[in-house]
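Just so we're on the same page: letters track the sequence lines, and every chain starts at 1.
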There are 2 protein chains.
Amino acid sequence: MNVTGHTRRSVSIRDVATAAGVSYQTVSRVINDHPSVKPSTRERVLAAIDELGFRRNSTALALASGRSRAVTVLTSNTTHYGYASVLQGIEEAARAASYTVGIGVLESADEADEAAVAAQVQRSADAGGGLIVIAYDPAGVRALGAVPADLPVVGVVETPASPPRDDRPWVWADDREAAYKATRHLLSLGHKTVHYVAIPSSTRRTSARTSGWQQALKEAGAPQPRPLQGSWGPAGGHAAGLKLAGNPDVTAILCGNDDLALGVIRALHETGRAIPGDVSVAGFDDAPHSAYLTPSLTTVRLDFTGLGRSAFALLHGVLEESAPIAPHPVSVPELVVRESSGPPPGRE
Amino acid sequence: MNVTGHTRRSVSIRDVATAAGVSYQTVSRVINDHPSVKPSTRERVLAAIDELGFRRNSTALALASGRSRAVTVLTSNTTHYGYASVLQGIEEAARAASYTVGIGVLESADEADEAAVAAQVQRSADAGGGLIVIAYDPAGVRALGAVPADLPVVGVVETPASPPRDDRPWVWADDREAAYKATRHLLSLGHKTVHYVAIPSSTRRTSARTSGWQQALKEAGAPQPRPLQGSWGPAGGHAAGLKLAGNPDVTAILCGNDDLALGVIRALHETGRAIPGDVSVAGFDDAPHSAYLTPSLTTVRLDFTGLGRSAFALLHGVLEESAPIAPHPVSVPELVVRESSGPPPGRE
DNA sequence: GAGCCTCATGTGACCGGTCACAATCCTGGC
DNA sequence: GCCAGGATTGTGACCGGTCACATGAGGCTC
């Protein structure tokens, strides 16, 4: 059509305006669907837009209007299943609302990320963008706390009790209920008690998963062993599994996530314990590969994607008064019983 | 003023200027480290900046200067290990260069993403931002093809032959070599041939992994079975595994990725084949859980994170003439031998 | 002390949109 | 024919930076 040459500068509304023989403001009205534009004029402007290939510059839009239609997700990890799923849910919902999503990874180790967080926060704050912080771990919690009070932010937290500020919205999955269900499942099979290998908690306090597990034990009058501290990955589970394998009384193990369970299972195998013959193992999250392990893993499914969508919806409501802020429906965690759990030895 | 009563508008360089008793341009010079500013003046301005809590507005910066220090990553999936790792590498490098990274997920199914791609592309193009497209699958390849010619973009591709445009930069991992190594490993154990369960190819042509596998077979004079078409996840591997399990001649299976291998192993288990006693299985990628499977998985490790870093470095070079465009060093894939591979039955 | 060059700083326009308000057109009612 | 008043359209300022150029202050040479 027109010379694609190297007219590097993009066409602006003033270019369109002169082409259509109107003022730039009229063009602005057309692209914003303002009611009071004469149909014939609108037609002419649209034709010019089409012909020149005009596309509204979102940077200028953000600067002038103060709204940026952007969300930044702050997270400490993008490769773990839970995190990635939440992110995916956010992206999905954001795309549907034609929002841009940016990610900022938090260096979990040091506290030097203070500056990094500030920079990330700053960037999204520039033009009225929103922020979603995945606060499942200390780094995330710290980041959430570091967000200035006047910034629109939604936290994805482990438990409603954990956010330091009660005036900002959050979403959560019912980890407590999930752990409760899984523990009850194991107890109902006849196990005297259930041991627990924990993921790192987001705070110093007892995590939601831990507390659900404890409650189930308590209600059943079962002994309450001390939870083992694991990590996020299978390596931590493996280490914890080796410790537990030394104790012949251990017949059921609940793990803070599926990767941990994988490591535990591996350790039990190495020490010659049969699953579920000698020891039952249950995981958490229902990662995609868990159904295909041998033995396939009993676990609790959490709707991370839905959680991400809720987080965005909430933020969307905060940013634009149009959509009323719907309360986040906490989806019910679903117990998925597979091969890795069964009755304890001698109770076939 | 505002409902919250706070000074919602952020401090601008003009605010700083009046506070420091200089002109806004002098402030601009200070924040840009321009040499010709009297030390005493600089001092005064910095003090004012500090006192008022000024932070440069990146939106305005982008609009005025045309540079945005932003990268958008287009990908069809964020939960699969390989994709997530590449993304992580990109983010890492981008953060180090203080770039913002945005993500856009491509709806892999329909071709209606034409518009979506255009929107994503548009957004990152607005202010001179760059684009990285992960083109490991048809959706990605299509997106890469849809990027306007004048836009700075780097493709993360399966093989150097696949990008439709030779004038744009790309990075790749040596999948061919990796498949070759894994196949040779299996052959060296004494297997007559190696079957292959493929991941979906990015193009209609033979994928790099497939071709590396074929080459190894050819060089060894081994029969070349037809590759089985899998999917990305364990389900596809399971289906393929069931098919292969029916054939007693199958003693070695190479899988397009570790998830596929997981499914294959599961299927073999279900049909009573021992691993590696009856059948050896090798995967691809070395996902974090592969070392902890039972049996642990022989696989080929690829440096996805490094690939992501390279992609960003390349793009960075294109966007800013400062850093010379270093050619992407193709890292050598590393064979990781674990328990799932061994000599064929009867050749202990 | 004039001439000139460099350093330091200020001024005005601009990036590409939006917003607030003014100006013009058009129509109906009296 | 005249005026009120809504529908259209245009003008100027502004968002918060950058860029190109002008201007004033010293320091050096002659």
As an exercise, state the distance from CG of B:L144 to CD1 of B:I132, rounded to the nearest 0.5 Å.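 Those atoms lie 11.5 Å apart.
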Point-to-point distance, once rounded to the nearest 0.5 Å, from CG of B:L307 to CZ of B:R309: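 Interatomic distance, B:L307 CG to B:R309 CZ, rounded to 0.5 Å: 10.0 Å.
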Would one find a side-chain N or O of B:N57 under 4.0 angstrom from OP1 or OP2 of D:dC15?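 Looking at the OP1 and OP2 atoms of D:dC15, neither is under 4.0 Å from any side-chain N or O of B:N57.
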For DNA chain D, what residues of residues 22-31 of chain B have any heavy atom nearer than 4.0 Å?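 Residues of residues 22-31 of chain B under 4.0 Å from DNA chain D: B:Y24, B:Q25, B:S28.
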DNA chain C contacts made by residues 36-45 of chain B, counting heavy atoms under 4.0 Å: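 Within residues 36-45 of chain B, the residues near DNA chain C are B:S36, B:V37, B:K38, B:T41.
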Nearest to the side chain of B:A60, heavy atoms from C-beta on, is which of C:dG16, C:dT18, D:dG17?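 My answer, after comparing the listed nucleotides, is D:dG17.
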Quick check against the 3.5 Å criterion: does [X] have a side-chain atom that pairs as donor or acceptor with the backbone of [Y]?
| X | Y | value |
| --- | --- | --- |
| A:T75 | A:I134 | no |
| B:R69 | B:S58 | no |
| B:R44 | B:A20 | yes |
| B:T18 | B:D15 | yes |

d([atom1], [X]; [atom2], [N]) in whole Å:
| X | N | atom1 | atom2 | result |
| --- | --- | --- | --- | --- |
| B:R67 | C:dG16 | CZ | P | 15 Å |
| B:I13 | C:dG10 | CD1 | C1' | 13 Å |
| A:L63 | D:dA13 | CG | C1' | 14 Å |

Using a cut-off of 4.0 Å on non-hydrogen atoms, how would the nucleic acid contact of A:L61 be classed: base, sugar-phosphate, or nothing?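 The residue A:L61 makes sugar-phosphate contact but no base contact.
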What's the verdict on side-chain contact (heavy atoms from CB on, under 4.5 Å) for B:E91 and A:T78, showing C-alpha distance, side-chain angles and the deciding distance? CA-CA 10 Å; B:E91 199 278 342; A:T78 55; over 6 Å; no
Check: residues 23-30 of chain A side-chain donor-acceptor pairs under 3.5 Å, at least two apart:
| unit_1 | atom_1 | unit_2 | atom_2 | d |
| --- | --- | --- | --- | --- |
| A:S23 | OG | A:Q25 | N | 3.4 |
| A:S23 | OG | A:T26 | N | 3.4 |
| A:S23 | OG | A:T26 | OG1 | 3.4 |
| A:S28 | OG | A:N32 | ND2 | 3.4 |

Determine whether any donor atom in the side chain of A:R14 lies under 3.5 Å from an acceptor atom in the base of C:dG17, or the reverse, and answer yes or no.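 A donor-acceptor contact between them is present.
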